[in-house]
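As a basis for the values below, the full set of heavy atoms in this structure was taken, side chains included, without hydrogen atoms, waters or symmetry mates. Sequence lines set the chain letters: A, B, ... in the order given, protein chains first and strands last, and positions in each chain run from 1.
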Amino acid sequence: MTDRKADPAVDRRDVAWWSDKAVSVLVFLGGISAILFIIGIFVFITREGFGFGEHFKAGEIFGSTRWAPTSDSNPTYGILALVAGTASVTGLAMLIAVPFSLGAAIYIAEFAKGRTREVLKVLVEMLAAIPSVVWGFIGLTIMNPLIIQTFDVPIGLCVLNSGLILGLMAAPIMTTIAEDALKAVPDSYREAAEALGATRWQVTRRVVLPAARQGLLAAVLLGVGRGFGETMAVLMASGHSINLPTSPFDSVRALTATIAAELGETAVGSPHYQALFMLGILLFAVTFLINLAADLIVRGIRKG
Amino acid sequence: MADQSPAAVEFADFSLWYGTFQAIYGVDLAVKEGKITSMIGPSGCGKSTLLRSVNRINERLGYVRTEGHVRVLGHDVYAAENSLVQVRKQVGMVFQRPNVLPLSIRDNILFGHRLHDGGKDAEDALLESALRQVLLWDDVKDRLNRRAQGLSLEQQQKLCIARLLPVKPRILLMDEPCSALDPKGTEAVEELIWELRGAYTILLVTHNMAQARRASEECVFMLMGKLIEHTATDQMFVSPRCPETADYIEGRYG
């Protein structure tokens, strides 16, 4: 038997072959560039922030509530009040957003039917697209007088105001992610439970929610990350004054808002400038950890 | 062959539409109590739809309209005054693919029992007797708290049958219960179904004519949403009355 010569018709590199190659290279570049940009941002922030090392006194930074980087006589960089501001606002926002968004997600995914469901989904996604400055504006011009009137307090720009605003901002995105998690629960589970005589709420509570547990947790974590990193709305609605809050009506200042408000007025390379970048590193690290946790949890779902 | 046993499930001039598509045309059928009745017919003939009308599980789709009556143990399941939950307590259902819940074996078996506020004390006894009835007890008794999804498909399908029993249903609906199983699993589940006859009224939809012949006492043949023939299984496969039935059984179409 002689060796058969390869038929050239089988090995033809035509337009489809070349365009496939070209597209895969382009897509690879696109994918890798996102990672490069993130690493670049990280390196930049770190480099700018690490110059702060010589002024770095851990006890002062994490132990003091006095953030006075512009003081001539005694510049101090205590971030305790800023951390407390961010934490209190985010915490209140989650208290508001978690029940509302989980409730909305359960309604859309499990109870609403046909048109209602479609309309609601679109509306929730529209809410997610409202720019944060608009939310800040609402906080400033609507919530502020409302809080002053209702609770008889001197100022309405406070933890309550920004927590509410932030909660409303985080709720749509959390609703969308939580609804995806509920939708990912196989319909055969619902069918099985219903055939056993479960009511819709029993199906939801005993089967769907436990099965979607991880996805729901991921939704909450992403909401926390969103709240933590939000700047403009918090800047506008929180009162922006350095305070360890003792009541929801205290004005506070958030980490993000501090950077946004002060960075433009510092001299490049000054200790103040570097201190702000240090705040940036802190925010970056925390949001990164939160998102990583959410991501790992979501991966867990796919495997589990 | 005169049969005095009363009807456990009775369809009376029952029609069903999915949207504008009519899937069932005026079916009259009396399913005898304590027997295994198999339903055969080509794809799309309405046999699954008819089965799913008994516990109204096909209404999950939301665009179902019906006319006529379905009576389960004398209660009209489409009458407003009868509670669907109570009907579904009497009517257990097994699906094509084993759909165990993402819970432990124990929680799967006791799921229905707990839904209907069964007592806590009875749980262990119910668990054991249900698993024994489906011949699964010896396989799983040492891992009752493990996830049910770790079982083989055959074991999962048996578990799905066992899960119905603690609620004490009178009727079991089986929608091609062996279609996801290999021949060995099919044989085991068929044997199990055969064991359960008498204690339960079983309605079995199958694609597999040989299975209907092996595993049922009564047989219903459907075509294009209409009930063509309903006789004893032996008779159906030996001397069918209608020419359509004969053609289908002999494999001329479908």
### Residues Arg60(B) and Asp187(A) bridged, charged N to O under 4.0 Å
yes
### Message
Under 4.0 Å between a side-chain nitrogen and a carboxylate oxygen: does that hold for Glu125(A) and Lys121(A)?
### Response
no
Residues 171-186 of chain A, side-chain donor-acceptor partners within the protein, below 3.5 Å, at least two apart:
{"unit_1": "Thr175(A)", "atom_1": "OG1", "unit_2": "Ala171(A)", "atom_2": "O", "d": "2.6"}
{"unit_1": "Thr176(A)", "atom_1": "OG1", "unit_2": "Pro172(A)", "atom_2": "O", "d": "2.9"}
{"unit_1": "Lys183(A)", "atom_1": "NZ", "unit_2": "Ala109(A)", "atom_2": "O", "d": "3.4"}

### Query
What parts of residues 91-100 of chain B touch chain A if we use heavy atoms and a cut-off under 4.5 Å?
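Counting heavy atoms that sit under 4.5 Å from chain A, the residues of residues 91-100 of chain B involved are Val91(B), Met93(B), Phe95(B), Asn99(B), Val100(B).
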### Backbone of Ala87(A) reached by a side-chain donor or acceptor of Thr90(A) within 3.5 Å
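Looks like no, no N/O pair under 3.5 Å.
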### Task
Give a yes or no on whether the backbone of Pro177(B) and the side-chain of Gln157(B) come within a donor-acceptor separation of less than 3.5 Å.
yes
### Query
Can you say whether Arg56(B) sits under 4.5 Å from chain A via the side chain, the backbone, both, or neither, judging by heavy atoms?
neither
### Query
Side chain, backbone, both or neither: which part of Ile57(B) has a heavy atom under 4.5 Å from chain A?
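Ile57(B) touches chain A through side-chain heavy atoms alone.
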### Task
Evaluate side chain to side chain donor-acceptor pair (under 3.5 Å) for Ser132(A) paired with Glu230(A), printing each intermediate quantity in order.
CA-CA 8 Å; Ser132(A) 63; Glu230(A) 175 50 38; 3.3 Å; yes
### Task
On the 0 to 90° scale, with breaks at 30° and 60°, tag the Phe14(B)-Phe11(B) ring pair as parallel, tilted or perpendicular.
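Aromatic pair Phe14(B)/Phe11(B) classed tilted.
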Taking [atom1] in [X] as the centre, count heavy atoms belonging to other residues, nucleotides or ligands within less than 6.0 Å. Is the count above 12?
| X | atom1 | result |
| --- | --- | --- |
| Arg114(B) | CZ | yes |
| Arg197(B) | CZ | yes |
| Phe42(A) | CZ | no |

Between side-chain atoms of residues 124-131 of chain B and protein atoms elsewhere (two or more places apart, or another chain), which donor-acceptor pairs fall under 3.5 Å?
{"unit_1": "Asp124(B)", "atom_1": "OD1", "unit_2": "Arg106(B)", "atom_2": "NH1", "d": "3.0"}
{"unit_1": "Glu128(B)", "atom_1": "OE2", "unit_2": "Arg132(B)", "atom_2": "NE", "d": "2.9"}
{"unit_1": "Glu128(B)", "atom_1": "OE2", "unit_2": "Arg132(B)", "atom_2": "NH2", "d": "2.8"}
{"unit_1": "Ser129(B)", "atom_1": "OG", "unit_2": "Leu126(B)", "atom_2": "O", "d": "3.4"}

### Task
Select, from Gly112(B), Pro102(B), Ser83(B), the one with the greatest count of heavy-atom pairs under 4.5 Å involving chain A.
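Option with the greatest count: Pro102(B).
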### Message
Only heavy atoms, only distances under 4.5 angstrom. Which residues in residues 192-209 of chain A are near chain B?
### Response
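Within residues 192-209 of chain A, the residues under 4.5 Å from chain B are Ala192(A), Ala193(A), Glu194(A), Ala195(A), Leu196(A), Gly197(A), Ala198(A), Thr199(A), Gln202(A), Arg206(A), Val207(A).
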